[in-house]
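Beneath this line is the structure, given in structure tokens, with notes to follow.
We're numbering straight along the sequence, starting at 1.
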Amino acid sequence: MKRTLLMQVFLMLGLLCRAQVSGDVLGSHNLSLSGTSPVRGALDPCLYCHVPHSGVANPNGALWSQTLSTQTYKTYGSTTLHNTSLQPTLGGDSSLCLSCHDGTVAVGQTQPFGQIQMSGNMYPLDKFGNDLQGSHPFSLKTPMVDASDLVQSLTTSHTTADPTGAVKLINNDVECTSCHTPHAQMVDTISKNFLVRDSSNGQMCLACHEVNPRTVNSQSNPLAQWSGSIHATTGNAIANAPLLGSYSTVAQNACLSCHMPHNSVAGPRLLRGPQPPIANLDSATQNCMTCHNGGSNISPVIPNVYAEFSKIAHPYPSGVNTHDAAETPLLNNNRHATCVDCHSPHASLQQSSFASPLPPAVRPPQNGAVGISATDGVTVVNPSVNQYENCLRCHGNSTGKQTQVVFGYAPLRAIISGGDGLNVITQMNNTAASSHPVMHDRSSALAQPSLLGFMLQQDGKTQGRAMGTRIYCTDCHNSDDNREFGGPGPNGPHGSKWTHLLERRYELSQASAPGQAITNLYPNPDFSVNGPYAMCGKCHDLPGQVDNNTSWAQHSLHINDGFSCSVCHTSHGMTPGTANVTGERLVNFDINVVAPNGSAPITYDRATNSCSLVCHNHAHTSAAAATKVGARGTALRR
């Protein structure tokens, strides 16, 4: 009798369900035989989740019918998460969802009826298992902790910034039902994921994540420039929706272009990454390469950055050298080059013109990137004001810098300030004896007759950007096919076919031993873009000024004999020198190539334009012409 009465109640509830789900608003949650779920059974749709009497259901709420999962979950965590994820409360909103979606309890495992016979299977992406490290954090420890990237009202009034009120906290906490409504699949008609509201342009994410400048506990908001960034505004069409979100453009997908609320294989930061994953590539770089690989994922196609890494390239993170969003800006003993080391994906802008900004100001694609001050090599500049400040994260005072064979031959200079020949701060800042004008204006104290008025494009003929008083690091260290100087490829030192990530060919002289024969001479020099001095020829008039001895009487002799600029000149700059080598004119000899002339030290006298050293078996003195060292120690006039 009781069972008959109970079944009658269930049938009445079933009729009510049918009345309420006309048009199948339940979508894939309609598990009835007439529903659209991939898993279906004989019960009416409401009865799989609810029963009319709490005495036979979950007493904690929702008149729950499905058997609850008692799994212990691995929850989301990261070094930048300020709140702590807890195990979901059994019978709470998230627990109810997980009774099906963790995949450990069979769909249709009802409490009043037992297991209902079902046909079909859940979609694989709808089953999370007990590993929720790749899902947005929920069931947080309360009270919630404020952070610079969170909307302040979450911790003050326990409300979100959603103007519709649809995105909300549940008992002052984030739960599955903060973002999802189980009873209506298509509130958002494009992203049919039971969302509580339209989520295009990141509207649901922005209900909780602040995009205005905000500082909490001395931490500034990394999302502060999001609204105007290229990823928030570009209309590039999505051609491969499963990889990049449900909407039709990058801007509409917004946060979802890079982040996955569920099933992220990256874990921390919930990054997407390509499918299939790229072997031996860190998650942050993989995430960027989903679009920046020259493929068809987005249209129009954007420059292929990924192809540059098949050349001589900045080193990927590997092993313990991985990037982390919480790492210190000065990368001590952690040498890597992830895309997000040099670019802020939340602030980056498109480079629409190369006429501005002028060097050394940071360029739009690096807008928002963190840097290190050239004044002391330690102070953090966030965001970078000048491009070189971002480079100084690795190429300044940081420890653990390396000289790797893949980048090519590295000269050993006669004067090394502080014992660190890889620290470009001392070589290029205001205390340097002379340097390329990256960190300070070009010197007006000495004439520079070889300097062109305009940098030359990669054809070596067409004028490019005006020389100005400063240059960028990327005027020399750049992709060999970069767009700024006439190529079809991306800008920046991602990778180059030339050594030292140089934009153009530059051969560095090497000797069998200091003072002895140079093993790679280039006599009768080719001053074209194909020649060994192409990098220098971008800014300097080599045939018209250098080869004609306009700057120095012996330039032509050395160059026509096949010597490289690198024998005498350092590329970045010269620290405060000594009485012997003062460092003017970037003169700082490569002591792998030159040797002292007898017991006298290596010297350079700018006043007389003379040297004292031995190079290529020739002895030079400050008082006489170069002589060739003979077979029996005799000095032969050259």
What's the spacing between [X] [atom1] and [Y] [atom2] if we round to 0.5 Å?
X      : Y      : atom1 : atom2 : answer
His82  : Asp149 : NE2   : CG    : 7.0 Å
Thr155 : Leu150 : OG1   : CG    : 8.0 Å
Leu68  : Leu96  : CG    : CG    : 6.0 Å
Leu154 : Leu169 : CG    : CG    : 5.5 Å
Cys258 : Asn253 : SG    : CG    : 9.5 Å

Open item on the list: To check you understand the geometry: which heavy-atom pair defines the closest contact between Gln66 and Gln109, and what is its length?
Closed with: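 Result for this residue pair: OE1-N, 3.2 Å.
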TODO: Measure across Ser95 and Thr89 and return the closest heavy-atom pair with its distance rounded to 0.1 Å.
DONE: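 Heavy-atom minimum between the residues: CB-O, 3.1 Å.
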Any donor-acceptor pair under 3.5 Å from [X] side chain to [Y] backbone:
X      : Y      : answer
Gln133 : Thr75  : no
Glu308 : Asn491 : no
Asp198 : Ser200 : yes
Asn217 : Ala147 : no
His29  : Pro182 : yes
Thr290 : Gln286 : yes
His314 : Pro493 : yes
Thr338 : Val340 : no
Thr156 : Gln152 : yes
Asn236 : Pro300 : yes

Under a 3.5 Å threshold, yes or no: a donor from one side chain and an acceptor from the other, between [X] and [Y]?
X      : Y      : value
Asp126 : His101 : no
Gln252 : Ser248 : yes
Ser148 : Asn221 : no
Asn333 : Thr399 : yes
Glu175 : His180 : no
Tyr73  : Asp131 : no
Gln225 : Ser344 : no
Asp324 : Thr79  : yes
Asn390 : Gln366 : yes
Glu210 : Asn212 : yes
Arg197 : Gln203 : yes
Tyr247 : Asp188 : yes
Arg269 : Thr80  : yes

Task: Test of ring centre spacing under 6.0 Å for His262 and Phe128 - done: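 Judged by ring-centre distance (under 6.0 Å), His262 and Phe128 do meet the cut-off.
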Open item on the list: Tell me if the centroids of the rings in His292 and Tyr306 come within less than 6.0 Å of each other.
Closed with: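 So the answer is no for these two rings.
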TODO: Begin from the C-alpha positions of Phe194 and Met186 and carry the test side-chain contact (heavy atoms from CB on, under 4.5 Å) through to its verdict.
DONE: CA-CA 6 Å; Phe194 294 92; Met186 293 184 289; over 6 Å; no
Between [Y] and [X], is there a side-chain heavy-atom distance shorter than 4.5 Å?
X      : Y      : result
Asp146 : Arg214 : yes
Val51  : Gln111 : no
Pro137 : Leu81  : yes
Ile298 : Val250 : yes
Asn367 : Ser348 : no
Thr249 : Thr234 : no
Phe138 : Leu132 : yes
Ser37  : Asn30  : no

Open item on the list: Tell me every residue that passes side chain to side chain donor-acceptor pair (under 3.5 Å) with Ser373, counting only those two or more places apart in sequence or in another chain.
Closed with: Thr375
Task: For Asn287, side chain to side chain donor-acceptor pair (under 3.5 Å) partners two or more places apart - done: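 Expected list: none.
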TODO: Mind checking ring pair (Phe, Tyr, Trp, His ring centres under 6.0 Å) for His209 and listing every partner two or more places apart, or none if nothing turns up?
DONE: none
- [ ] Please determine which of Ile372, Leu330, Leu331 meets the side chain to side chain contact (heavy atoms under 4.5 Å, CB included) test together with Leu392.
- [x] Ile372
TODO: Look at atom CD of Gln404 and say whether more than 12 heavy atoms of other residues, nucleotides or ligands are closer to it than 6.0 Å.
DONE: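 Yes.
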Open item on the list: Would Asn172 and Met144 count as a side-chain contact (heavy atoms from CB on, under 4.5 Å) here? Give the steps.
Closed with: CA-CA 8 Å; Asn172 301 336; Met144 290 177 61; over 6 Å; no
TODO: May I have the step-by-step check of side-chain contact (heavy atoms from CB on, under 4.5 Å) for Ser32 and Arg40, ending in yes or no?
DONE: CA-CA 5 Å; Ser32 69; Arg40 285 179 282 180; over 6 Å; no
TODO: Start with the C-alpha distance between Ser69 and Asp102, add both sets of side-chain angles, then the distance that settles side-chain hydrogen bond (donor to acceptor under 3.5 Å, both in side chains), and finish with yes or no.
DONE: CA-CA 8 Å; Ser69 174; Asp102 73 1; 2.5 Å; yes
TODO: Give the intermediate values and the outcome of side-chain hydrogen bond (donor to acceptor under 3.5 Å, both in side chains) for residues Thr164 and Asp162.
DONE: CA-CA 5 Å; Thr164 72; Asp162 176 21; 2.7 Å; yes
Task: Stepwise side-chain hydrogen bond (donor to acceptor under 3.5 Å, both in side chains) test for His323 and Asp341 - done: CA-CA 8 Å; His323 167 83; Asp341 286 320; 3.0 Å; yes
Open item on the list: Could you go through Leu43 and Thr110, starting from their C-alpha distance and side-chain angles, then the distance that decides it, and tell me whether this counts as side-chain contact (heavy atoms from CB on, under 4.5 Å)?
Closed with: CA-CA 10 Å; Leu43 285 180; Thr110 65; 4.2 Å; yes
